[in-house]
2 protein chains.
Amino acid sequence: MAATIKDIARKIGVAPSTVSRVLSNKPGVGPAMTERIRKVAKELGYKKNRAAVELVKQRSNVIAAVVSSVKTSFSGQIIDGIQAEAEKNGLNLIIVYSHSADPVEQKKALLTVIERPVRGILLLSIALAADNVALLQESQIPFCFLSISLDDPALPFVSSDDWQIGYQTTQFLLNKGHRKIGLAAIDKYPYTGRLRLAGYRQALKEAGILPRDQWVQLGDYSYAAGKQAMVNYGAHTELTAIIAGSDAAGVGLLNQARILGLKVPDDISILSIDGTEMCEMVQPQLTSISQDFYKMGIEGVKYLQSIEMHPAAKKIQQEYTPVQIVERQSINNLTNN
Amino acid sequence: MAATIKDIARKIGVAPSTVSRVLSNKPGVGPAMTERIRKVAKELGYKKNRAAVELVKQRSNVIAAVVSSVKTSFSGQIIDGIQAEAEKNGLNLIIVYSHSADPVEQKKALLTVIERPVRGILLLSIALAADNVALLQESQIPFCFLSISLDDPALPFVSSDDWQIGYQTTQFLLNKGHRKIGLAAIDKYPYTGRLRLAGYRQALKEAGILPRDQWVQLGDYSYAAGKQAMVNYGAHTELTAIIAGSDAAGVGLLNQARILGLKVPDDISILSIDGTEMCEMVQPQLTSISQDFYKMGIEGVKYLQSIEMHPAAKKIQQEYTPVQIVERQSINNLTNN
DNA sequence: CTGAAAGCGCTTACAG
DNA sequence: CTGAAAGCGCTTACAG
């Protein structure tokens, strides 16, 4: 039904190979012929069949991003970074998403991407089941995790240093005179949460503080998890400051604190992790440790490109993007100066 | 490098067609052979080559969504709906995105999708240039616009009724005793903004009110546009209520009002369009007209499926999903009762 | 500058 | 139940 190269060739009375050459911008066809072919292709509404091209070339110019959620604004920032860098390299981006942590779901999402000759795969804050990591490695396709760090040296990633996030935020609060500091709405098992927790504990330890169990409220980084954590802390919490696992969780904490009659930052300080624009949309504005999500996207694509340039090197890159505390209005300074 | 069907066939000493049958779950191969082939396929790390399959079958089981932004939470909701319904039908979803309104960019995004045998294309709040609409139609691939309505009867869509959004929100405010009502951060040219504006004007007209030009502040639906609109209205605005083009714009209005020393809702009421969770994250919570984005996704996929079932019918569906005003805390009732 | 031919990896009638 | 063969739409050496 759709016109093919052969249709064009037949109509003009020329070989398909000639048509192919002009339609794929290969040199070596006379200008008159070139123009004629272009014209007929347009007339016939010719559309290149990518499946055929990819089959013969065994490669495409698409890179794939696998995302766990399209609802957080930070994944949007990462994707913006990927898209910008991909475009710069003439690559097309396709996104598939795998919301659940279910290995079977993950596998389906991975396969939609692995079974095509994509140039590379970027995985956005996805904790892949071991089987699926194996699948990925088997595929021989360059890949890189983004916004999650792994402790397997064979797995490349670009991420913030989550240990540092836990450590620096806690230190920052310590420097403001806080001693009883909570950590809320982080996941215990994935690396992200575990590392943040470890950094938090280390900073506290160095200050000679032993956190009580209830200072840490696990959760899934959501707004609801933030609210729930604050409910658990209660109106009479001994804490003077809380680190939220995400901006949304920080807002949850903030709103629930208000419901409990606690003023932020006078009664309780909140520091959120991420630093998306949401921090500036609430009142008081949330002080945050901001991550450079856009850069993660950029660096991820660059890494994929570097692998392609030097496949022999097989360098596994584990890169940390910088984080930075941005002071806004949700933290109380308890020191005298 | 990667194992093919032929490799497996050779290794076992059987015909490629037999291998193909078991690997694509076709009946008619003995159980012993089936198992043998499965085992060897696994050993060799066989991955199906989709490009080859699609080439011969001239069809795939993927549907594509073209999105203009992955940053708004409502597009995330639409995608969730699409994904859920796609999954139910055994379809895989791939997302490409085309942030800009630039026709050339749009075309690139469209082509990445049209040049493959996708089963259908969903366009999320994208105002396509005329050339690109033609491209889409030429491609013969079923498509449907989502969260945008068009007045060309040849173009299928699933969307809220934006005229009704303008009309109902204005009426709602009128019923609360407001007479001087603003409309902020909507786009004038695309259908969405134009329709909302028309509905707003009609409701005002029916109430015998002639809106002054400065009551309507155009913008791009963003947080910044909301803030800017409020700056333009000024601290001494005659308005008692403002309809915001989006939740983010509503928050912009809200925060800027605070900066100007205006209390919401006492000094000025705000009603935002969309009703995402952001409405409940700010203080006061924003009363909104809520759209059923999830349903748009579902219905979009269903439409694509129906086209495929009855291609002859060629029914162009233009469907409106329901909207509903959700009262929260940002509107002042000026009437006595 | 142009053409004939082989082949990418699969699927699917058609035989047997 | 299994195999031989043709073909999907393109690209790319190889000739000329």
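Every chain is numbered from 1, with letters handed out A, B, ... down the list of sequences. A quick note: this is a predicted structure, and the numbers were derived from the prediction, not measured.
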[X] side-chain N/O to [N] phosphate OP1/OP2 under 4.0 Å:
X       : N      : result
B:Lys26 : C:dT12 : yes
B:Thr18 : D:dG3  : yes
A:Lys48 : D:dT11 : yes
B:Gln58 : D:dG7  : no
A:Ser20 : D:dT11 : yes

Atom [atom1] of [X] to atom [atom2] of [N]: distance rounded to whole Å?
X        : N      : atom1 : atom2 : value
B:Lys47  : C:dC10 : NZ    : P     : 12 Å
B:Ile37  : D:dC1  : CD1   : P     : 13 Å
B:Arg116 : D:dC10 : CZ    : P     : 14 Å
B:Lys6   : C:dT11 : NZ    : P     : 13 Å
A:Asn61  : D:dC10 : CG    : P     : 16 Å
A:Arg36  : C:dT2  : CZ    : P     : 11 Å
A:Ile5   : D:dT12 : CD1   : P     : 11 Å
B:Asp7   : C:dC10 : CG    : P     : 9 Å

Quick check for you: among [options], whose closest atom lies nearest to any side-chain atom of [X]?
X       : options              : value
B:Val14 : D:dC10, D:dG3, C:dG3 : D:dG3
B:Val53 : C:dC10, C:dG3, D:dG9 : C:dC10
A:Met33 : C:dT2, D:dA4, D:dG9  : C:dT2

Worksheet entry | Spatial distance of atom CE (A:Met296) from atom OG (A:Ser125) [nearest 0.5 Å] |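 One finds 9.0 Å between CE of A:Met296 and OG of A:Ser125.
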Worksheet item: So how far is it from B:Phe293 CZ to B:Ile82 CD1, rounded to the nearest 0.5 Å?
Response: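 So the gap between those two atoms works out to 12.5 Å.
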Worksheet item: Hey, does B:Tyr191 have a side-chain heavy atom less than 4.5 Å from the side chain of B:Asp151?
Response: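 Side-chain contact under 4.5 Å: yes.
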Worksheet entry | No-H, no-angle donor-acceptor pair, A:Ser17 side chain to C:dA5 base, under 3.5 Å |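 In this structure, the two groups form no donor-acceptor pair.
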Discussion item. For A:Glu138, is the CD atom crowded, meaning more than 12 foreign heavy atoms sit under 6.0 Å from it?
Written reply: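 Yes, enclosed.
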Worksheet item: Mind checking whether A:Tyr294 and A:Phe74 have ring centres under 6.0 Å apart?
Response: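 Aromatic pair excluded; centres sit 6.0 Å or further apart.
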Worksheet entry | Side-chain donor-acceptor contact under 3.5 Å, A:Gln106 with A:Ser98 |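 Their side chains do not contain a donor-acceptor pair, so the 3.5 Å distance test is not met.
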Worksheet entry | Residue mapping more 5' on DNA chain D - nearest nucleotide basis, A:Ala51 or B:Arg21 |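 On the 5' side of the pair lies B:Arg21.
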Worksheet item: Want to settle it: does B:Val29 or B:Leu55 sit nearer the 5' end of DNA chain D, counting the closest nucleotide to each?
Response: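 Between the two, 5'-proximity favours B:Val29.
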Worksheet item: A:Gly30 near the nucleic acid: base, sugar-phosphate alone, or nothing, with a heavy-atom cut-off under 4.0 Å?
Response: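 The residue A:Gly30 makes sugar-phosphate contact but no base contact.
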Item to complete: Determine which nucleotide pairs with C:dC1, using a 3.5 Å limit on both distances of a Watson-Crick or G-U wobble pair.
Response: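 By the stated definition (distances under 3.5 Å), D:dG16 pairs with C:dC1.
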